[in-house]
Structures are given as structure tokens and as C-alpha cells.
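First up is the structure itself, then whatever we jot down about it.
Quick caveat: nothing in here was measured; it's all calculated off a predicted structure. Excluded from the calculations below are hydrogen atoms, water molecules and symmetry mates; all remaining heavy atoms, backbone and side chain alike, are included.
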Protein chains: 2
Amino acid sequence: MVSLKDIAGHCGVSVATVSKALNGQSDISAETRERICAAAEEMGYMANAAARALKTRRSYNIGVLFVDQRSSGLAHEYFSAVLDSLRVEAEQNGYDITFINRNVGKRPTSYLQHCLHRGVDGVVIASVDFSDPMVAELAQSNLPVVTIDHVFPGRCAVLSDNTEGMRSLVRYALRRGHRDVALIHGELTSVTGKRLAGFREACEEAQLRIPAGRILQGAYHDSDTCYRLTKQLLSAPPRPTCIFFPDDFSAIGGMNAIREAGLRIPEDISILGYDGIRLSQMYSPKLATWKQDTAALGASAAAELIALIEQPGTAPEIRTVPGSLIEGESVDLRF
Amino acid sequence: MVSLKDIAGHCGVSVATVSKALNGQSDISAETRERICAAAEEMGYMANAAARALKTRRSYNIGVLFVDQRSSGLAHEYFSAVLDSLRVEAEQNGYDITFINRNVGKRPTSYLQHCLHRGVDGVVIASVDFSDPMVAELAQSNLPVVTIDHVFPGRCAVLSDNTEGMRSLVRYALRRGHRDVALIHGELTSVTGKRLAGFREACEEAQLRIPAGRILQGAYHDSDTCYRLTKQLLSAPPRPTCIFFPDDFSAIGGMNAIREAGLRIPEDISILGYDGIRLSQMYSPKLATWKQDTAALGASAAAELIALIEQPGTAPEIRTVPGSLIEGESVDLRF
DNA sequence: TAGGAGAACGAAAACGTTTTCGATAAGGAG
DNA sequence: CTCCTTATCGAAAACGTTTTCGTTCTCCTA
């Protein structure tokens, strides 16, 4: 690896001058700057990130905390899409991303310690158990932090509009004439809470009372559980005419249960998913679902974090990313 | 951040002693070592990775090159699963992973330059256009490199057994009595080549001649293309009794085409996928497919790379990871 | 012409480690 | 008691940067 010293030797100047020329400082004459830059280019110079980070305390590295509970983190299309746009946005701004984990060397530590060790400039937290004290420790640290789909008091967050998403889905189903609807939701998290709120709002709006038995706790991204719960819903008459699922993936479990019961979708039972993954429009029938704008979520998170890093004064902002309704073909008209 | 100097001050020894105590060097008395380690623990010491990397030229960071052509990289379940197990294995060995891209700062460079800049200890390359000269440059550099699903001469590689996978699938279909089979394959890569070879071998073995029109080039992970090609296959009688698809995901496109033509799976047309993603066993019918051992692929790649890094003498090894046949319910008996 | 301003560059310290090598002390052998 | 080992520790250099603060030198103004 060629270093500043090599270039300095080659050009007959000091390392200080080379550094300043390469970094565009003003107290270098245009002529020498040209000469130095040309030499650097020609010699294939590449700054040593470690040395620079050591000196400047800026690593141009952002940490990403994605914990795949039930190994559905990276394999989950929603999160991998968010991660990917996050990565692209970060890279365009000159930042690399590294995954945060719980060991440095081979010894276990905390997420925060790991971040301090690596000297990341900031952190994006998503898809984790936000009740984990170790996550809270990281979120409350004095590193710049942006969370996705969760808000810690006083910190930045990027949210998918879960209340609006669920509200829109319910309104859509009610508009199509459904009155006896059921909801299977995921584990109780802030995301689930928002969606439940949206569900209730839309129902109240339509002066619809939903009996307790029509709201079941399932699990995200777990089609087996939804298969089971759907069977349960179908077995106790009267059947609902419409079922909301935690996400598109788990809706597949529900569809299987419905078909095994000899019922048709949407003629006998209408269904709605959530997420709008590509697959949802390949089922037949195409699924009615709420498309979360994963590209905007990831890019916003990165952009906001970088703003936080580069303009330390920035007030912590909570940005909500709108989604959109995909009508699909899985909700029948009932009049 | 507390540094070695702080600990040294606190314990009344030199930084050299602290460093050696913490790193388990032998020329430190047990008593002072205890004292220093205790102080380090209590003061919340965390080594500065940048300083260490600068001094030792080891970053404990491995670069991962995953390019998502057609944005199906991270969103592709196969690769995200491989990536995840790779990450876990690396982390367990004290390595972090960072994504390699083409810019340092905001200026574009090559993958190799980016690696040199970051000082990664080694690189895993997967899911890229292996004909890209910039990828070749990286692969032929003197960094430790492991590729997945592709072999560069003289370098380490971890391969999913594509020939065996396709051979097994074909044998399975032929065993069930199919004689007029069609294959839709992906873009021409070394992976596709292997699968084609497996396909041909199994056919020859059974003394089956496959007319040219029965082998079509489609695209990986692209259900639209497969939808179109399947329609084409179905429109020209005689129809094949069995179709092989590039992967499970694109098989969905094929299934839709088949069903739209009013045909049943598998009674009228049998189908086979490739990959064994979770979803494939949620379709109905469950898909006959070849399950690639993504967990082993990722873990092997990481393990092999780390071996290469830590024992520089290691001979470049090409490891093939076996997969397994999932029979599913999508291939009918034909006798 | 003297003085000051500004432009261009360099010396050196610093960031936090690791590592070599020398120094000191203790202990054992003769 | 002297000499040689061995154990334990520290001083200092080095890794490759960035940045502060001088130092020169030129040129302009009064």
C-alpha cells in the first residue's frame, strides 16, 4: 500500500502538504495540488481508513442492528428490502455499513460496546426486540441513532404508517360490504399496537362492534400459526366473511387452511395481507394488501442518520413513510 | 472512551504493560495481570479497533461482495440465507462483516481499492456477475478470497452441488414415468452450466433425447419470464408432461400460466423448482425441488476464508456442499 | 525603502495501539 | 561473593493520518 509518505517522497514535499492537497485544503497552490493529485492517482494511492479514523474519530461506518429473531430477519423480505435501500443510500454518501453483533474478538459484550470498539459514526436499529435492555442501552447512548418502526423518546425514528395502513385496509374491506371481519395480528409490539389501533378506528368509524373472538394473536411471518388460527376461525360458525392477516407471508398459511376447508377465495372468504411483497401479486388470487415503501424506509433512515452525524445540531425527527393500498383480487363484494 | 493510557495511569504501570496484560502476553506477572484486567473491566475499557488495525494490519473485518443485479440480491431468499449464516459464522470467530461497494468517500473506485482502503482481512464474493473485470481483479488480488457458486483458478470456492441437484431432480421425474420433459433455465452462468450438465447427464442415462425446443433460456428469480415461456410451451402441442424451472420463485410464474390454461398441477403438468425456499412447501401443491443447504454454504465460506486468513499456508480448497431432494407433491406418476 | 499582509509549505504532535529491546531485580549456582 | 539466568516491566518507535502553528517568501502599500 502506498502511503502519504511515498507520495511526499515522490513529489519532493512533506506529508502534510500531500494530506492537505488530497483533502482540498486551501493553503496549497494550485500547481502543487495538481502535481500531488496526479502522482497519487498514478501511484494508486488509497487512504488508510484505520489511520484516518484513528486521527479524526470518524469512521464513515454506520452500524446496523438487525436481529433475526426466529431467523426471519435477513430472510424476511420486508427487512432485507429495507436493509438494501439503506445500504445503497449510505454508500452513496460515502458510508459503509457493518452489522452490529454481540462480540468483539471472541468475547461477548453489549451492542454498545461493540459500536464503541468499531467506532461507528452512528447506528440504525431495526427488526429487534425493542424491549431488550441491551438495545435500549444502545438507543439511549450518545451515538447518533435512528430506529425503524419504533420510537425511543427523544431519538430519531422512521416509521411505516401502520395505523394508516391497517385503517385503509379495513376501510377497503368495509366499503366492499364486509361486516363480520376477523383479525389475526402478530406478537404484541409497537407495530402491532399501531395496526390494532388502525383496525379499531376504522371499525368504530363504521359503527361496527367487533366481538373479542374476532381478534386473535398470531405471529408475524409464521404461516403455520396462521394456518392453525384460520382453521379455528372457520370451525366455529358463523364464519367471518373476511380475514386480515399479520403479513403476506403468513397469509399463505391462512389461504391453505381456507382451501382445505373447501372454501373459495374470495367468493367464500375474503383475505387481506400486509407488506406488499412481490410474491403477494403472484398468488392467485392476487392479494389485497398494504404496500410498505421499503425503499423509502431504508433510504430515509440512512439519510436521517447521516444528517444527524454530519450536523450534530439536528433535532431528532420522526418521519413517517406512507404506504399504499393494493386492491388485488382477494376481497369480494358483499351486498 | 477509556484508553490503555487511562488504565496505565490508574494502575501505576506503563501502557506497554497494560497492552501485554490484556493480550495475554507471558512476560507479565499473574498478580499485575489480574490487577490490570480488573481495572480494565471496571473502567469499561474497549480496545480501539482503528488503532489496533493500524498497528497490526489486521482489521478483523471481512468484506462481502453481494451485488444485487435486478435488485434480487438481498431480496433473494437464497442469498440472504447464505449471507446470514456467513455472518453468524464470522461473528462467532470474532470477525465483523461489511459490504463492499464501489466508492470510497463519494468518489467511485474499484472493489479492490475499496477493500484496500478498509483493510479487510479477506473477501467473500457471491451473487455477482463473475465476468465483470472488476470482480476478477478482486478475485485475483492477493487478498484471501472465497467465492460462492463460482471458481476462479487457484482460489478457494464453496459450491452448491448444482450438477447433482439437477441430476437428482431429473432422475426423480423420470422415475415417476415422465418422458417428455422441458427445462427452463436461467441466464448463462457457471451455475446454469452445471445444472444443464446435470440435466443432460440424467437424460442420457435414461437414453432420453431431448429436442432443442424443450430447453429454453429464461431468467433466475423472474416469474414473469417463466410465465411467458411456460405459456409458450403449453401452446405448441404436444405439451410436455413435466417442466423444470430455474428456481422456486420463478416456478410461481409457471404455475400461474399452467392454471390459466385450465390445467391442473400435477395431474396435467408436473413441475419442479430449485432452491427449496420455505415458500415452496407452502404452495399447494408442495413443490418438488432441490434444497440447497444455505446454512452450510454460508458457514463454510466464512470458515474457509478465516482459515485462509489465519493460516496463510492453507491450500485453496474447493468445497462442495450437498443438497437434498424434496419430493413435494408437484410431480405426478405417469405410467 | 521599510513594513506588513498574505500565500505556500513544513515540523511536529497527536490519535491508541503493539512490539522490540533494554533495564532492573531477584534468584541460583559455583 | 560473583556471575549468569530468568522474570518482570518500561521506553520508545512505529503504523498512516490530520491539524496546528510556525516559518519563509513574495508582493503591495505608504
Walk me through it: do A/Val321 and A/Ser160 pass the test side chain to side chain contact (heavy atoms under 4.5 Å, CB included)?
CA-CA 5 Å; A/Val321 175; A/Ser160 188; 5.6 Å; no
Tell me whether the side-chain N/O atoms of [X] come closer than 4.0 Å to OP1 or OP2 in [N].
X       : N      : answer
A/Thr56 : C/dC15 : no
A/Ser19 : D/dT18 : yes
B/Ser3  : C/dG16 : no

Just how far, in rounded Å, is [atom2] of [N] from [atom1] of [X]?
X       : N      : atom1 : atom2 : result
A/Gln25 : D/dT18 : CD    : C1'   : 9 Å
B/Leu54 : D/dA14 : CG    : C1'   : 9 Å
B/Met1  : C/dA14 : CE    : P     : 20 Å
A/Ile7  : D/dT18 : CD1   : P     : 11 Å
B/Arg52 : D/dG16 : CZ    : P     : 18 Å
A/Arg58 : D/dT17 : CZ    : P     : 18 Å
B/Lys20 : C/dT19 : NZ    : P     : 10 Å

Closest approach to the side chain of B/Ser14, judged atom by atom: which nucleotide of D/dG10, D/dC9, C/dG16 is it?
D/dG10
Minimum-distance nucleotide to A/Thr17 side chain [options: C/dC15, C/dT19, C/dG10]:
C/dG10
Is it true that A/Tyr78 and A/Tyr220 have ring centroids separated by less than 6.0 Å?
no
Classify the ring geometry between B/Tyr95 and B/Tyr60 as parallel (under 30°), tilted (30 to 60°) or perpendicular (over 60°).
tilted
A/Lys55 (side chain) and C/dG16 (base): donor-acceptor pair under 3.5 Å:
no
Has A/Arg33 got a side-chain atom pairing as donor or acceptor with A/Ile28's backbone, closer than 3.5 angstrom?
yes
